[in-house]
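Worksheet: the structure to be examined is printed underneath.
Letters go in sequence order (proteins before strands), and every chain restarts at 1.
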2 protein chains.
Amino acid sequence: MEKENALFGVKEIARRAKVSTATVDRVLHNRTGVSEKTKQRINEIIKEMDYQPNILASRLASRKVINLAALIPDVSEETDFWLAPLSGIRRAESEMKQYGVQVQVFFFDLNDKDSFAEKAREMIDAGVHGILVSPSFIEETKKLAAECSRRKIPFVFIDSNIPDLQSLSYIGPHLRKSGYVGAKLLTYRLESDKKVLIINISKEVDNFNYHEIEEGFRSYFNDHNQPNEIVRIDIRETDYQSVARHLTYVFHLNKDIGAAFVTNSRVHTVASFLKNSHRTHVSLIGYDFVKENVGYLENNVIDFLICHRPDDQGYRGMMALYQTLVINAPVTKQNFMPIDIVTKENYEFYQN
Amino acid sequence: MEKENALFGVKEIARRAKVSTATVDRVLHNRTGVSEKTKQRINEIIKEMDYQPNILASRLASRKVINLAALIPDVSEETDFWLAPLSGIRRAESEMKQYGVQVQVFFFDLNDKDSFAEKAREMIDAGVHGILVSPSFIEETKKLAAECSRRKIPFVFIDSNIPDLQSLSYIGPHLRKSGYVGAKLLTYRLESDKKVLIINISKEVDNFNYHEIEEGFRSYFNDHNQPNEIVRIDIRETDYQSVARHLTYVFHLNKDIGAAFVTNSRVHTVASFLKNSHRTHVSLIGYDFVKENVGYLENNVIDFLICHRPDDQGYRGMMALYQTLVINAPVTKQNFMPIDIVTKENYEFYQN
DNA sequence: TACCTTTACGGGCACGTGCCCGTAAACTCA
DNA sequence: TGAGTTTACGGGCACGTGCCCGTAAAGGTA
């Protein structure tokens with residue numbers, strides 16, 4: 001019942017080194033005021049004992065608050081996708097609170113690069129110690145990353161990645177593989193004489209995510225010598241009317257489309273179109289467990305949704321920051337999330 | 001930078017109630033030695049302030065060690081399925097260690113009821129404060145549950161459930177729905193004139209899991225008026241020779257089996273048979289992300305594996321015990337895991 | 001040599017809670 | 001009424017670490 005394995009602490013180190021705990025403390029936090037000789041002696045003992053600091057006591061004694069921040073898109077009327085990462089962030093927050101960690105979340109508008117830059121500025125000025133970012137805009141993210149490097153603030157990316165930016169970690173899907181899985185599901189029962197339609201609905205012209213996903217999707221067709229012809233369409237407006245107009249045209253040109261693949265969470269717009277135009281025989285696959293999509297999953301318009309546990313991404317992202325800043329533990333640089341397949345039959349148990 | 005929101009502690013409560021912190025402490029742990037009057041006064045203040053004890057300080061000050069235990073099947077040569085829950089348990093252990101929580105794992109033989117009872121005995125005698133159990137044997141589990149209730153030891157079930165046993169929580173799949181998902185995947189591209197084969201390979205005669213899964217599987221066929229004839233077979237020996245013998249017979253009797261569904265992780269045995277007998281055109285679905293199965297996923301003999309995040313089950317199970325015993329927080333009684341679909345294309349990112 | 005600065009270290013309080021021990025006051029009983 | 005018992009509470013140390021402050025010793029300067 002009693003704690004017998006009295007895990008050695010600074011006191012024990014101090015006793016062995018014949019110094020006070022304060023000196024040991026100085027060495028542990030490599031502060032000044034210790035002669036080179038004693039420093040070495042103490043370090044040897046620390047190593048020898050494999051000393052693990054007691055985080056409880058450490059956080060209790062420390063009066064410093066650690067400020068973490070997250071910069072993610074606001075929940076818009078278009079999509080509530082970012083509710084999930086937010087909930088993960090909040091979950092992490094409530095766990096870290098007792099350790100004296102505070103979390104601030106900054107929201108930007110997905111349709112406005114400037115709002116990203118603005119909020120990033122605000123966030124940096126708030127004097128945060130670690131940052132979680134959804135790097136939706138490449139150039140703006142690069143600037144933010146540069147600023148973080150200058151100030152030695154660690155940052156993690158979630159949902160999508162921008163390589164070579166010295167992020168502490170990337171937590172999100174392997175996009176190419178994700179597209180690959182989409183292709184597998186789409187072709188699983190597709191007749192070989194049917195065409196396949198790839199749909200990208202996005203205001204952003206240059207979207208890294210999208211390219212990666214489409215590449216993965218196509219590589220499946222290559223790897224398996226799928227005979228199906230692939231048609232693709234970019235739609236730059238996200239409202240239903242525009243989407244419907246474009247799709248009407250495409251379906252007019254291509255009479256024998258058997259399946260459609262939407263590269264992001266706007267698949268519900270396509271579902272709506274298919275339903276309205278009585279084309280529900282077309283297999284439809286898209287992304288993300290958002291309520292609009294689930295509705296069409298329910299009534300069989302969408303066959304599969306692919307998801308990457310956005311909730312978990314938020315949680316793990318914050319935890320990665322916590323690991324480095326509080327525990328001082330290493331963090332894996334690439335953290336690919338599972339590629340989850342959600343159907344009408346299993347969605348009720350899906351935990352984002 | 002400084003902790004400004006000095007979250008009120010016992011001292012503040014004591015000040016307001018004009019008593020010492022010791023008295024507040026007595027009330028908080030409802031120990032004796034406090035008059036009814038002051039007790040009420042203090043309780044009011046606690047409620048009013050919505051006092052949250054500082055777990056750090058609490059665990060630091062307490063010299064009590066909390067002993068948690070897990071009773072799970074040993075990893076056998078037949079299956080390494082239980083490696084995953086074990087790893088989750090270990091993960092939880094390493095997180096809880098700093099809070100003065102110790103974890104002991106007891107392994108029993110899945111083919112031997114007595115070993116379950118024996119290890120359960122051993123575990124109880126070790127004086128544990130909370131237990132995680134894989135309730136593989138119904139009667140033996142009931143006895144264990146009764147003993148736990150008598151000693152007021154909370155226990156959680158993982159992987160499969162035995163209702164009405166006053167477990168603190170069940171953490172595992174909704175088996176019926178899981179079978180339902182299996183049926184969906186199996187029929188997704190199945191021709192209507194093909195037969196479907198349900199295979200149960202298990203030494204245990206009365207397996208709760210199995211019945212639930214099969215029921216779910218069949219209910220999908222009912223709900224969707226699937227015309228396919230369903231054939232079923234129970235195989236009581238788990239070795240390859242026996243399985244092959246039985247399957248040879250079944251396939252001999254039923255020439256037009258188009259798909260097979262195995263109700264547990266022994267699907268790799270069936271996969272081996274299908275491969276050896278050149279029947280890989282038969283769609284095959286089974287359970288669990290174990291390495292033998294993944295091998296057959298790799299070479300397209302198994303089409304889909306259904307998984308329920310066994311690692312997470314172990315982790316969450318231990319955490320549920322931690323929640324009640326250390327944090328004293330409520331725990332949800334039913335915790336259904338996601339029904340994950342694993343394919344050749346996405347398995348490399350699957351996180352058990 | 002007298003005085004000041006720097007270096008290297010120890011003492012000790014604080015964080016919020018758990019809990020042992022001590023003790024007035026109230027109560028009990030012969 | 002006096003002695004013993006119970007009740008109700010306060011004092012204060014401990015947990016392991018962070019960090020402020022004090023200070024002896026060494027070094028530097030005139």
Side-chain angles (χ1 to χ4, degrees), chain A residues 1-43 46 49 51-66 97-101 325-328, chain B residues 1-43 46 49 51-66 97-101 325-328:
Chain A
M1 198 81 168
E2 297 287 301
K3 281 183 191 171
E4 71 291 330
N5 62 335
L7 299 153
F8 307 110
V10 280
K11 258 199 302 219
E12 177 63 17
I13 302 177
R15 203 183 56 77
R16 295 201 197 184
K18 296 193 205 306
V19 293
S20 77
T21 60
T23 301
V24 176
D25 191 73
R26 275 183 271 263
V27 173
L28 282 171
H29 299 82
N30 41 292
R31 270 179 271 142
T32 59
V34 187
S35 70
E36 199 54 42
K37 216 174 61 183
T38 42
K39 191 171 179 176
Q40 279 196 0
R41 183 154 41 99
I42 291 173
N43 269 326
I46 289 173
M49 294 177 33
Y51 165 73
Q52 305 283 50
N54 185 321
I55 308 159
L56 267 70
S58 167
R59 290 309 304 163
L60 182 62
S62 168
R63 340 171 70 95
K64 291 242 178 61
V65 159
I66 290 183
K97 212 174 201 167
Q98 48 182 312
Y99 289 99
V101 179
L325 291 169
V326 180
I327 318 278
N328 202 6
Chain B
M1 200 79 168
E2 297 287 300
K3 280 183 190 169
E4 71 291 330
N5 62 335
L7 299 154
F8 307 110
V10 280
K11 259 197 303 215
E12 176 64 16
I13 302 177
R15 203 182 56 79
R16 296 200 197 184
K18 295 192 205 307
V19 294
S20 75
T21 59
T23 303
V24 177
D25 190 72
R26 275 183 271 263
V27 173
L28 282 171
H29 299 82
N30 41 294
R31 271 179 271 141
T32 58
V34 187
S35 71
E36 200 53 43
K37 217 174 59 182
T38 42
K39 191 172 179 177
Q40 279 195 0
R41 185 155 39 98
I42 291 172
N43 269 326
I46 289 173
M49 295 177 30
Y51 166 72
Q52 306 284 46
N54 184 320
I55 309 159
L56 267 70
S58 167
R59 289 311 303 164
L60 182 62
S62 168
R63 347 175 61 100
K64 292 238 177 60
V65 160
I66 291 183
K97 211 174 202 168
Q98 48 182 313
Y99 289 97
V101 179
L325 291 168
V326 180
I327 318 276
N328 201 9

*Examine D:dG18: is either OP1 or OP2 under 4.0 Å from a nitrogen or oxygen in the side chain of A:S62? Give yes or no.*
no

*Select one nucleotide: of D:dT17, D:dG11, C:dG10, the one nearest the side-chain heavy atoms of B:A22.*
D:dG11

*asked:* If I take atom CD in residue B:Q52 and atom C1' in nucleotide C:dT17, what distance separates them, rounded to the nearest angstrom?
replied: 15 Å

*What distance do A:L28 atom CG and A:T21 atom OG1 have between them, rounded to the nearest 0.5 Å?*
10.5 Å

*Looking at D:dT17, D:dC9, C:dT17, which one has an atom nearest to any side-chain atom of A:A57?*
D:dT17

_Length of the CZ-P vector between B:R59 and C:dG18, whole Å_ = 10 Å

*Please round to the nearest 0.5 Å and tell me the distance separating atom CG of A:L60 and atom CD1 of B:I55.*
12.0 Å

_Regarding A:T38, tell me which of base, sugar-phosphate or nothing describes its non-hydrogen contacts under 4.0 Å with the strands shown._
sugar-phosphate

*Looking only at side-chain N and O atoms, does A:K18 come under 4.0 Å of OP1 or OP2 in C:dC9?*
no

*Examine D:dG10: is either OP1 or OP2 under 4.0 Å from a nitrogen or oxygen in the side chain of B:T23? Give yes or no.*
yes

*Which sits closer to the 5' end of DNA chain C, B:N54 or A:R41, going by the nucleotide each is nearest to?*
A:R41

_N or O in side chain of A:Y51 less than 4.0 angstrom from D:dG16 OP1/OP2_ = no

*With rounding to the nearest 0.5 Å, note down the distance linking CZ in A:R59 to CG in A:N54.*
12.5 Å

*Kindly indicate whether the side chain of A:R26 and the base of C:dG10 share any N or O donor-acceptor pair separated by less than 3.5 Å?*
yes

*In whole angstrom, give the distance that lies between atom CZ of B:R31 and atom C1' of C:dC21.*
13 Å

*A:R26 versus A:T32, closest heavy-atom pair with distance*: CD-O, 3.5 Å

*Kindly say if A:S35 contacts the phosphate of C:dC9, meaning a side-chain N or O under 4.0 Å from OP1 or OP2.*
yes

_Length of the line joining B:K97:NZ and D:dG16:P, which is rounded to integer Å_ = 16 Å

_So, OP1 or OP2 of D:dC19: does either fall under 4.0 Å of a side-chain N or O from A:H29?_
no

*Expressed in angstrom and rounded to an integer, what is the separation of B:L28 atom CG from C:dC19 atom C1'?*
13 Å

*First of A:D25 and A:K11 reached from the 5' end of DNA chain D, by closest nucleotide*: A:K11

*Atom CD1 of B:I42 to atom P of D:dA8: distance rounded to whole Å?*
12 Å

*D:dA8 C1' sits how many Å from B:Q40 CD, rounded?*
16 Å

*Short side-chain N/O contact to D:dC9 OP1/OP2 from B:S20, under 4.0 Å*: no

*asked:* Looking at every heavy atom in both B:K39 and B:V34, which two are closest together, and how far apart are they?
replied: N-CG1, 3.8 Å

*For B:R41 and B:K18, work out which heavy atoms get closest and say how close.*
NH1-N, 4.5 Å

*Give one of base, sugar-phosphate or nothing for B:K39, where a contact means two heavy atoms less than 4.0 Å apart.*
nothing

*NZ of B:K37 versus C1' of C:dA26: gap in Å, rounded?*
13 Å

*Report yes if a side-chain nitrogen or oxygen of A:T21 is closer than 4.0 Å to either non-bridging phosphate oxygen (OP1 or OP2) of C:dG10; otherwise report no.*
no

